[in-house]
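Here the structure is laid out as structure tokens; the discussion comes afterwards.
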Amino acid sequence: MTAAPGIATQYAIYAGLGAGVLAILYGIYLIAWILRRPAGNERMQEIARAIQEGAMAFLVRQYTTIGIVAIILAILIGIAPVLGWQAAVGFLIGAVLSGSAGFIGMVVSVRANVRTAEAARSGLAPALSVAFRGGAITGLLVVGLGLLAVSGYYWILLSINGGDQAKSLAAMIGLAFGCSLISVFARLGGGIYTKAADVGADLVGKVEAGIPEDDPRNPAVIADNVGDNVGDCAGMAADLFETYVVTTVAAMLLGHLVLGSVPGAVTFPIVLGAASIVASIIGTFFVRMSASGRGKIMNALYRGLVSSAIISAILFFFITRAEFSGGIAAATIGLSHDVPAWAIFVCALIGLAITGLITYITEYYTGTQFSPVRRIANASVTGHATNIISGLAVSMQATALPAIVIVAGILISFALAGLYGVAIAVMAMLSMAGIIVAIDSFGPITDNAGGIAEMADLPADVRGVTDPLDAVGNTTKAVTKGYAIGSAALAAVVLFASFLRELSDKCHAAPRAACATHPAVFGIGDPYVLTGLLIGGLLPYLFSSLSMEAVGRAGGAVVEEVRRQFREIPGIMQGTARPNYATTVDIVTRAALKEMVLPALIPVGVPILVVLLSFFNILPGNAGAQMMGGILVGSIVTGLFVAISFTSGGGAWDNAKKYIEDGNLGGKGSVAHAAAVTGDTVGDPYKDTAGPAINPMIKVLNIVALLLVAFLVH
């Protein structure tokens, strides 16, 4: 069987550019629609401005700090032999667009929140429409800017390099690295900020002072609302933007390494992404409701997701049939059988199926209507210790089903179309990022809307609308974190496969005798591989511990500040004096920026250290390559389980608290509620700081290794 001529590379690039521009234009339309909505009374706008100013101040300072690091790294990449200025320019493009996706999305979300609160005066349907469309802007910017960056820069590189795919794709790794580095900082900085503010607000406000969440008497309440946006909106956007770009680049690179002679194989991931952008835009029109009720809110959001997936699947069928109409010869792909077009299509369907399954599994472990959350809530009746024990047990149990789903997806895809099939499954999964981020960003908008309604003393019927929206938003944030982790793990597998292929190619091309022992063959009995596995396995734990300690230190500073204001400003509790919100915002901002640097440098520093040890022959021969391979595998394995455990466990703790606050098991003020608040305080840095930040960490580790692979072969 011979490969049929594929869609011409230029048409695939045009499709990517067109879809990216379409997503951005639709996002601009939604921005205009949001800004035309009424923004409420003067008190609501005053609160919203405070949130906006705090969020902008943090992001400007955060990206200024990151920018200094990025410029230094870009210069080092540009002057490094083998890498060069094409990779450096790609690095800067990826860094700027990754930051822009989160920044613009956050700017919109802090304006959609007050408009959602005002829309809640008219009922659930109008409020849902404003909140979801505000989130959809972020989602569409993520995939639009992502696909525009990949297809546009690849087009430019092909023109500069005279159509040389290998050289162009090598430079594209720099683009992926830029996205990943910004994502680590954004996830860490935003996560530390949001959880430090949340911990401080809850411990002093709810537990010590006995005042409700979002009570304007709490000096940390504005910082808490700012944190929802910089963590769950800007942070998640940067995270999935990075995963989207990295997956697309990795799939293209693997297509070149495995199927370089098959026309269209390299650019096929771009076409899949373009198709899903169209499907996601159509899917946003299916998110609507006409009646109230929590279940119906979630159903409305899932209608958008399911419709996008169905439309994507239909488009994938026709695209795959056109691209691989003649199939792929067995010898070309390294399998014992030819690969027909339907097998590639099934791999894409597997990616969509993994998205659906991980979404459902995560909701099961974090939703208040299911057994795991209620078990934690019931355990809270007997105190703080039993709440923590039950929450830890649920967090560990939550790793099993996602791991099985991912393993099954990898094995089936590989059986159908080898490593390329796995790459296509991952790309299909990530192609849904637009609608997924839209559903995620809905969460912080509704959370802020409820806070604004509380602080502005809006009527109870408004909170009756914003509260169920907030409850659903809390679940959607947990669900999208599960999706982000699953996709990150699969993307890391594709990156590792690309690393092995690149290593093999460099080894065969090396003139020296050190490549006589094939470095791409990793035996578990080899001491360098084994030590690499152990080092890689410890990195997610070390990274997470530093992240959580950072939240603890920053949160402690917030607690002290809130206590100080309660002591020193008479009249706060009586409502006759206003707290100093700005001081708390500044404390959290400075702490988050200071604490994010050290953990973020771990995934960059470790591969560089291995290269240096190899360069100075401390690691003899190709031992550096073998150790690096072990580090990558170890980090993927433990990173997957730690991340799922943290995010699902933290979400379950959070919703167990909300389940009790809804009037169950004694309600607010009960022993069960106090224990649940403690569990939620522990779970907060789990689910919003350490867990999500592992996603970009393991991909940065793999990308840096891929960038430096040439230095590992002697």
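Not measured: the values here are computed from a predicted model.
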Check the surroundings of atom OH in Tyr360: do more than 12 heavy atoms from other residues, nucleotides or ligands lie under 6.0 Å from it? no
Phe324/Phe268 under ring-ring contact (aromatic ring centres under 6.0 Å, His included): CA gap, chis, key distance, verdict: CA-CA 10 Å; Phe324 300 105; Phe268 185 58; 5.1 Å; yes
Please give me the minimum heavy-atom distance between [X] and [Y], naming the atom from each residue.
X: Ala120; Y: Thr466; answer: CB-CG2, 3.9 Å
X: Phe241; Y: Gly146; answer: CE1-N, 3.2 Å
X: Leu352; Y: Ala428; answer: CD2-O, 3.7 Å
X: Leu124; Y: Met289; answer: CD2-CE, 3.8 Å
X: Gly27; Y: Ile137; answer: O-CG1, 3.9 Å
X: Asp239; Y: Ala484; answer: OD2-CB, 4.2 Å

I'd like to know if Glu242 and Lys699 make a salt bridge, using a cut-off of under 4.0 Å between side-chain N and carboxylate O. yes
With a 4.0 Å cut-off on N to O distance, would you call Lys658 and Asp662 a salt bridge? no
Is there a donor-acceptor contact under 3.5 Å from the side chain of [X] to the main chain of [Y]?
X: Thr399; Y: Ser395; value: no
X: Asp224; Y: Ala197; value: no
X: Thr480; Y: Thr476; value: yes
X: Ser280; Y: Ile277; value: no
X: Asp461; Y: Gly464; value: no
X: Arg111; Y: Val107; value: yes
X: Ser441; Y: Val437; value: yes
X: Ser307; Y: Gly304; value: yes
X: Thr284; Y: Ile281; value: yes
X: Tyr686; Y: Asp680; value: no

Between atom [atom1] of [X] and atom [atom2] of [Y], what is the distance when rounded to the nearest 0.5 Å?
X: Arg133; Y: Arg115; atom1: CZ; atom2: CZ; value: 14.5 Å
X: Thr194; Y: Asp447; atom1: OG1; atom2: CG; value: 8.5 Å
X: Trp653; Y: Thr366; atom1: CH2; atom2: OG1; value: 14.0 Å
X: Arg288; Y: Leu128; atom1: CZ; atom2: CG; value: 10.5 Å
X: Arg375; Y: Phe370; atom1: CZ; atom2: CZ; value: 13.0 Å
X: Ile47; Y: Asn113; atom1: CD1; atom2: CG; value: 10.5 Å

Going by heavy atoms in the side chains, are [X] and [Y] under 4.5 Å from each other?
X: Ile270; Y: Leu147; value: yes
X: Tyr154; Y: Thr248; value: no
X: Phe286; Y: Val306; value: no
X: Met697; Y: Leu188; value: no
X: Trp33; Y: Val130; value: yes
X: Pro372; Y: Gln397; value: no
X: Ile354; Y: Leu490; value: yes
X: Met56; Y: Val110; value: no

For Tyr63 and Ile182, run side chain to side chain contact (heavy atoms under 4.5 Å, CB included): C-alpha distance rounded to whole Å, both residues' side-chain angles, the deciding distance at 0.1 Å, then the answer. CA-CA 9 Å; Tyr63 284 128; Ile182 297 304; 4.1 Å; yes
Side chains of Thr243 and Ser487: any donor to acceptor distance under 3.5 Å? no
Strictly by modelled atom types, are Glu363 and Tyr302 linked by a side-chain donor-acceptor pair under 3.5 Å? yes
Run the numbers on Asp440 and Thr138 for side chain to side chain contact (heavy atoms under 4.5 Å, CB included), then give the verdict. CA-CA 9 Å; Asp440 173 79; Thr138 306; over 6 Å; no
List in chain and number order the residues that pass salt bridge (Lys or Arg N to Asp or Glu O under 4.0 Å) with [X], two or more places apart in sequence or in another chain; answer none if no residue qualifies.
X: Arg321; answer: none
X: Lys195; answer: Asp198, Asp684, Asp688
X: Arg303; answer: none

Would you sort out whether Arg463 and Glu454 count as a side chain to side chain contact (heavy atoms under 4.5 Å, CB included), showing the intermediate values? CA-CA 7 Å; Arg463 286 308 302 253; Glu454 176 76 24; 2.8 Å; yes
What orientation do Tyr14 and Tyr11 show, parallel under 30°, tilted 30 to 60°, or perpendicular over 60°? perpendicular
Candidate pair Phe316 and Phe345, rule ring-ring contact (aromatic ring centres under 6.0 Å, His included), full reasoning: CA-CA 7 Å; Phe316 289 172; Phe345 171 64; 7.6 Å; no
Evaluate the criterion side chain to side chain contact (heavy atoms under 4.5 Å, CB included) for residue pair Ile452 and Ile51; output intermediate values, then yes/no. CA-CA 10 Å; Ile452 290 170; Ile51 297 171; 4.2 Å; yes
